[in-house]
J.: 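Here's a structure for you.
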Number of protein chains: 2
Amino acid sequence: MILHHSGRATAGRIGILATLLAEQKAITHREIEQRLPQSLQLDRVTLYRTLEWLVENGLIHKITSDDRVWRYHANHESHSHQHAHFKCTGCAQVICLDSLPTEQSWPLPTGYRFQEIELTVKGLCANCC
Amino acid sequence: MILHHSGRATAGRIGILATLLAEQKAITHREIEQRLPQSLQLDRVTLYRTLEWLVENGLIHKITSDDRVWRYHANHESHSHQHAHFKCTGCAQVICLDSLPTEQSWPLPTGYRFQEIELTVKGLCANCC
DNA sequence: ACAATGACGCAACATTGTTGCATTTGTATC
DNA sequence: GATACAAATGCAACAATGTTGCGTCATTGT
């Protein structure tokens with residue numbers, strides 16, 4: 001586990017990162033809480049702060065969604081830094097897609113500056129079809 | 001005002017729709033409240049329900065955002081049904097972009113069914129540059 | 001003008017996330 | 001290994017946004 005970042009390698013951080021690494025899809029704060037082993041029961045606030053720290057240190061990324069809930073996913077190498085996401089409208093699961101969301105070929109009004117693109121494809125996953 | 005939909009043409013609905021039509025950008029529930037004339041002070045809940053009704057009847061659309069706040073915008077003809085959005089990371093304003101977010105050329109895993117695409121470009125608006 | 005049904009207002013609640021502060025714990029240093 | 005300091009944690013309270021239930025009011029078709 002590479003935790004040579006600006007902070008301490010605490011049990012909570014390691015456990016949370018391990019939980020996210022073990023998961024194929026992006027999961028919510030609540031789902032992370034449920035998946036943590038009993039030996040590692042953390043406070044809600046600590047979990048929020050730990051996730052924030054993991055995001056800041058580039059170990060995970062968080063995904064916005066239309067249900068106002070952040071979902072978190074470990075930064076696997078297989079996915080490029082910028083990638084699109086898929087959300088199932090049936091079961092609300094979110095996965096990361098490989099394809100990059102095209103270059104900045106989006107015509108912005110004059111004077112506007114491009115920074116980042118956020119793309120979510122919605123549909124039904126194999127289970128919900 | 002074309003309110004020949006499944007419901008009544010109440011002062012609240014007309015006023016809210018007029019407020020949204022007068023606005024170039026997509027605005028939040030709170031911003032709508034502030035812009036309503038003093039002659040039309042609505043309950044918070046009524047505003048939520050009215051916005052929901054306007055969305056269902058295709059007169060406005062709502063936009064998800066990373067700050068967990070819905071923004072609403074009137075359905076002008078100049079924008080196609082499906083369109084991308086731009087959010088300024090400085091002042092948090094959201095506008096609608098004309099370009100459609102490309103066709104469904106997004107490689108989903110096998111067994112997945114495409115429904116809809118949601119695209120937000122982030123950057124700085126002319127004022128915040 | 002009247003009745004029925006939809007819209008509204010109020011209160012209470014739900015969910016998600018944040019802040020302040022005291023306590024505990026990792027880590028560098030001795 | 002012991003120690004001290006800063007960082008991490010836990011607890012309580014708060015904040016923002018949105019939702020539900022229910023009684024009352026008002027628009028609309030007749």
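Numbered from 1 within each chain, the chains take letters A, B, ... in sequence-line order. Source: prediction; values computed, not measured.
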J.: Could you tell me how far apart B:Leu36 (CG) and C:dG9 (P) are, to the nearest whole angstrom?
T.: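 To the nearest whole Å, that distance equals 11 Å.
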J.: Toward the 5' end of DNA chain C, which comes first, A:Arg30 or A:Val45, by nearest nucleotide?
T.: A:Arg30
J.: Is the ring centre of A:His61 less than 6.0 Å from the ring centre of A:His85?
T.: yes
J.: Rounded to whole Å, how long is the line connecting atom CD1 of B:Ile27 with atom C1' of D:dT17?
T.: 16 Å
J.: Rounded to whole angstroms, how far apart are CD1 on A:Ile14 and P on D:dA7?
T.: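 For the pair A:Ile14 CD1 and D:dA7 P, the rounded distance is 19 Å.
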J.: Just checking, is any N or O donor in the side chain of A:Glu118 or A:Thr64 under 3.5 Å from an acceptor N or O on the other one?
T.: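 A:Glu118 vs A:Thr64: no donor-acceptor pair found between side chains.
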J.: Can you name the residues that form a salt bridge (Lys or Arg N to Asp or Glu O under 4.0 Å) with A:Glu116, not counting sequence neighbours?
T.: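 Checked A:Glu116 against salt bridge (Lys or Arg N to Asp or Glu O under 4.0 Å); zero matches.
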J.: Tell me whether the side-chain N or O atoms of A:Arg49 pair up with the base of D:dT9 as donor and acceptor below 3.5 Å, since no angle test is needed here.
T.: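 In this structure, the two groups form no donor-acceptor pair.
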J.: Rounded to the nearest angstrom, tell me the gap between atom CG in B:Asp43 and atom C1' in D:dC22.
T.: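 One finds 14 Å between C1' of D:dC22 and CG of B:Asp43, rounded.
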J.: Rounded to the nearest Å, what distance is computed from the CG atom of residue B:Asp67 to the P atom of nucleotide C:dT16?
T.: 17 Å
J.: Does A:Thr46 have a side-chain nitrogen or oxygen under 4.0 Å from the phosphate oxygens OP1 or OP2 of D:dG10?
T.: yes
J.: Could you check which of D:dA8, C:dG17, C:dC8 has an atom nearest any side-chain atom of A:Trp70?
T.: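 Among D:dA8, C:dG17, C:dC8, the one nearest the side chain of A:Trp70 is C:dG17.
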J.: Are any of B:Thr10's side-chain N or O atoms less than 4.0 Å away from OP1 or OP2 of C:dC8?
T.: yes
J.: Side-chain N or O of A:Arg68 versus OP1/OP2 of D:dT17: is the shortest distance under 4.0 Å?
T.: no
J.: Using a strict 4.0 Å threshold on nitrogen-to-oxygen distance, state whether A:Glu31 and A:Arg71 make a salt bridge.
T.: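 No, this pair does not count.
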J.: With a 3.5 Å cut-off and just heavy-atom distances, do the side chain of A:Arg8 and the base of D:dA6 make a donor-acceptor pair?
T.: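 By the distance-only test, yes, there is a pair.
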J.: Rounded to whole Å, how long is the line connecting atom CD of A:Glu52 with atom P of C:dT18?
T.: 7 Å
J.: Is there, by distance only and without an angle test, a donor paired with an acceptor across the side chain of B:Arg44 and the base of D:dG18 below 3.5 Å?
T.: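 Pair found.
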J.: Going by side chain to side chain donor-acceptor pair (under 3.5 Å), name the residues that satisfy it together with A:Asp66, two or more places apart in sequence or in a different chain.
T.: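 With neighbours one apart ignored, the set is A:Lys87, A:Lys122.
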J.: Check the distance between C:dG9's C1' and B:Leu47's CG and give it to me in whole angstrom.
T.: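 Nearest whole value for this atom pair: 13 Å.
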J.: Tell me the interatomic distance from A:Tyr72, atom OH, to C:dG17, atom P, rounded to whole angstroms.
T.: 6 Å
